[in-house]
Amino acid sequence: MKLATLRTDGTTRAVRLDGDVLVDLGFPDVGTLLAQDDWAERAAAPTADDATTYRAEGADLAPVVPQPSKVVCVGLNYRNHIQEMGRDLPEHPTLFAKFADSLIGATDDIVRPEETEQFDWEVELAVVVGKQVRRAKGEQAEQAIAGFTVLNDITTRDWQFRTREWLQGKTWDSTTPVGPYLVTPDELPGGVRPALDVKLTVDDEVMQSDNTGDLLFDPVALVEYVSTIIRLNPGDIIATGTPGGVGHARKPGRYLLGGERVVTEIQGIGRLENKVVEEKQA
């Protein structure tokens, strides 16, 4: 299945993609749907004759989960990106967090804050959690994965590297596109350990291109690791890290200045297409 959160008539609705239409699933967003123990059965139920539907083409999609209880991100998880950043392969995942206020929809503008001069891109495969788990192992961790989506971990590098802690460079307001769909593992090659091509372009120039098979810590291992620290709830997101090709690692550095069109896409899941705009101060 492909699930999304649709903006319509001043509100949002959880929908399932059926061909060229979006079928209303009776919940205000995908996060609320995932909070139901039987969410998969509800989402897969045959479409009733009187079901509300919307055109998929041109749909205004919100972040696939608008208000996750947490967004956990993984740094330095593609072997080639670790090498381009001049670091050794880590023994354990490098974790940081984002807040829900940083999330935007699949075609929303990325808001570039005036305080940065090093605004960078990062294509990432993101795990969406489908059930509450703590200290999940093996099959339990696999079953906790509702599906996958696309995330662009836009980063203010000058703020990220002010200190050893990365949070301040990673969670600026309205900077992180996530979507367009949650795609369930059965739709993807490799299932809960998918091997998918990922790509990011800036104004049609390819900046990143790789495959999630290069991940050092795969999605199941990340669910196990994160859930050891803190419980994972339905709708929580784990961003699995970015491959090589980020602007900060280029010589000279390449950054987003405003006006660019950034396309972030992952095989079998979909694409984010966002324009970079300058933040308007009140």
Side-chain angles (χ1 to χ4, degrees), residues 64 71-96 98 106 110 118-128 145 147-155 157 160 166 169-170 175-183 185 187-223 225 237-256 260-274 276:
V64 66
V71 181
V72 180
C73 303
V74 182
L76 304 173
N77 198 24
Y78 281 81
R79 290 172 178 84
N80 67 359
H81 178 51
I82 296 168
Q83 292 164 350
E84 78 171 356
M85 299 300 281
R87 298 172 183 264
D88 296 329
L89 294 181
E91 184 178 352
H92 305 290
T94 299
L95 303 183
F96 58 93
K98 284 183 178 282
I110 297 169
Q118 297 182 350
F119 206 46
D120 203 355
W121 55 81
E122 293 190 6
V123 56
E124 305 206 14
L125 174 73
V127 178
V128 183
I145 297 175
F148 298 92
T149 192
V150 186
L151 185 145
N152 187 353
D153 179 20
I154 294 287
T155 303
R157 299 294 184 195
Q160 177 186 3
W166 292 357
K170 291 288 190 174
T175 57
T176 306
V178 57
Y181 296 102
L182 180 163
V183 180
E187 298 242 356
L188 300 171
V192 292
R193 296 178 176 87
L196 308 173
D197 292 333
V198 302
K199 185 171 73 171
L200 183 143
T201 63
V202 178
D203 290 337
D204 298 321
E205 180 181 355
V206 177
M207 298 298 184
Q208 294 181 278
S209 181
D210 209 318
N211 188 281
T212 58
D214 191 44
L215 286 171
L216 186 61
F217 303 102
D218 68 35
V220 177
L222 292 174
V223 170
Y225 190 81
I237 294 171
I238 302 174
T240 61
T242 199
V246 299
H248 193 69
R250 297 169 182 265
K251 305 298 180 186
R254 292 276 301 273
Y255 302 106
L256 300 168
E260 299 92 346
R261 182 175 66 95
V262 182
V263 176
T264 314
E265 52 190 324
I266 298 181
Q267 171 191 1
I269 298 177
R271 58 190 269 149
L272 310 169
E273 186 169 339
N274 310 93
V276 180

Can you tell me how far apart [atom1] ([X]) and [atom2] ([Y]) are? Round to the nearest 0.5 Å.
X      : Y      : atom1 : atom2 : result
Asn77  : Thr212 : CG    : OG1   : 10.5 Å
Phe148 : Glu187 : CZ    : CD    : 12.5 Å
Leu216 : Leu222 : CG    : CG    : 9.5 Å
Ile110 : Asn274 : CD1   : CG    : 4.5 Å
Leu256 : Met207 : CG    : CE    : 8.0 Å

TODO: Could you list the residues that satisfy side-chain contact (heavy atoms from CB on, under 4.5 Å) with Asp88, not counting sequence neighbours?
DONE: none
Task: Residue of the set Glu260, Arg157, His248 for which side chain to side chain donor-acceptor pair (under 3.5 Å) holds with Tyr255 - done: His248
- [ ] Please determine which of Thr242, Thr176, Thr264 meets the side chain to side chain donor-acceptor pair (under 3.5 Å) test together with Asn152.
- [x] Thr264
For the residue pair [X] and [Y], establish whether any side-chain heavy-atom pair is separated by less than 4.5 Å.
X      : Y      : value
Pro243 : Asp214 : no
Val74  : Leu215 : no
Trp166 : Thr94  : yes

Contacts table for residues 192-202: side-chain donor-acceptor under 3.5 angstrom, sequence neighbours left out:
{"from": "Arg193", "atom 1": "NE", "to": "Asp218", "atom 2": "OD2", "distance (Å)": "3.1"}
{"from": "Arg193", "atom 1": "NH1", "to": "Glu142", "atom 2": "OE2", "distance (Å)": "3.3"}
{"from": "Asp197", "atom 1": "OD1", "to": "Asn211", "atom 2": "ND2", "distance (Å)": "2.9"}

TODO: Determine, for Arg254 against Glu205, whether the closest basic-nitrogen to carboxylate-oxygen distance falls under 4.0 angstrom.
DONE: yes
- [ ] For Lys170, enumerate each residue passing the salt bridge (Lys or Arg N to Asp or Glu O under 4.0 Å) test, keeping only those at least two apart in sequence or located in another chain.
- [x] Glu122, Asp153
